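Before any comments, here is the structure.
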Amino acid sequence: MWITLLTAVAESALEQLLNKEPALAVQLAATQHKTLAVTLTDLELCCALHYVGQQQGKARCFVYGNYQDQADCHITTTLSTLQELSDPSQLTRLIREEKLDLEGDLQLAQSYSKAFAGLDIDWAEHLSTHLGDAPAQLLVAQCKQAKQRGASHLSILKRTVTQLCQDELNVAVHPLEVRQFKTHTRQLAQQLAALEQRINALSEL
């Protein structure tokens with residue numbers, strides 16, 4: 001039930017976005033009549049996008065939930081990794097690091113990633129029709145500030161947790177400890193090799 005509702009909302013939002021941002025439709029032209037499926041393993045969800053171009057004077061992109069049919073390109077990953085695809089250049093890195101599995105047309109995935117990453121939506125302009133120019137500008141500015149503060153607080157929280165785990169709880173291994181361990185391991189291997197040579201020399205006497 002919730003998947004049906006989610007896909008309906010996503011499809012409606014995409015339709016409005018396509019018609020308010022003509023540049024997006026231009027970017028998606030290369031994906032027309034091709035299906036991109038995405039499986040999110042952490043949510044146990046598979047959905048698909050199918051851009052069909054202009055229909056009845058409007059650009060349309062269908063969104064399918066619980067998708068089980070054949071797709072031109074099928075991406076399997078997690079929700080957190082999917083967010084990294086906002087930068088198209090990260091696609092091959094994520095595949096190489098095995099954070100993302102891709103079957104089919106790589107170019108199709110890159111086209112979608114590039115199209116949405118290149119969006120520069122003027123939210124103030126869209127909101128002004130409902131709120132007026134000044135309130136819309138103020139709302140957008142406040143949202144941007146809140147986003148920046150949130151990112152800053154999140155970065156501080158991540159550093160604090162990492163430091164706590166390394167220094168106080170000894171849960172995570174500090175990079176310096178890793179380097180020391182590697183150095184000690186190499187030294188031990190050299191000592192064992194030297195000892196083995198001495199034993200071999202004594203056995204030949």
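If you're wondering where the values come from, they're calculated on a predicted model, not measured in any experiment.
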Rounded to the nearest 0.5 Å, what separates atom CG in L82 from atom CG in L94? 10.0 Å
Determine whether D101 and I75 satisfy the following criterion, side chain to side chain contact (heavy atoms under 4.5 Å, CB included), listing intermediate values before the conclusion. CA-CA 6 Å; D101 181 62; I75 293 174; over 6 Å; no
Of all the heavy-atom pairs spanning L91 and A109, show the shortest one and how long it is. CD2-CB, 4.1 Å
Results of salt bridge (Lys or Arg N to Asp or Glu O under 4.0 Å) for E97 - residues two or more places apart only: R93, K99
Would you call K34 and Y51 a side-chain contact if the rule is heavy atoms closer than 4.5 Å? no
Does F116 form a side chain to side chain contact (heavy atoms under 4.5 Å, CB included) with L24? I'd like the steps, not just the answer. CA-CA 7 Å; F116 287 105; L24 178 59; 4.1 Å; yes
Could you give the distance from NZ (K114) to CG (L28), rounded to the nearest 0.5 Å? 12.0 Å
For the atom pair SG (C61) and CD (E15), what is the distance rounded to the nearest 0.5 Å? 10.0 Å
For residues 61-72, which residue pairs pass the side chain to side chain donor-acceptor pair (under 3.5 Å) check, not counting sequence neighbours? none
Within residues 39-50 or reaching into it, pairs that qualify as side chain to side chain donor-acceptor pair (under 3.5 Å) - sequence neighbours excluded: T39-H74
Can you tell me how far apart CD1 (I95) and OG1 (T77) are? Round to the nearest 0.5 Å. 10.0 Å
Restricting to non-hydrogen atoms, name the atom on A115 and the atom on Q27 that form the minimum distance, rounded to 0.1 Å. CB-CB, 3.5 Å
Note, L40 side chain near T78 side chain (heavy atom, < 4.5 Å): no
Distance from L108 atom CG to S113 atom OG, nearest 0.5 Å? 11.0 Å
I need the T31 OG1 to Q110 CD distance, nearest 0.5 Å. 13.5 Å
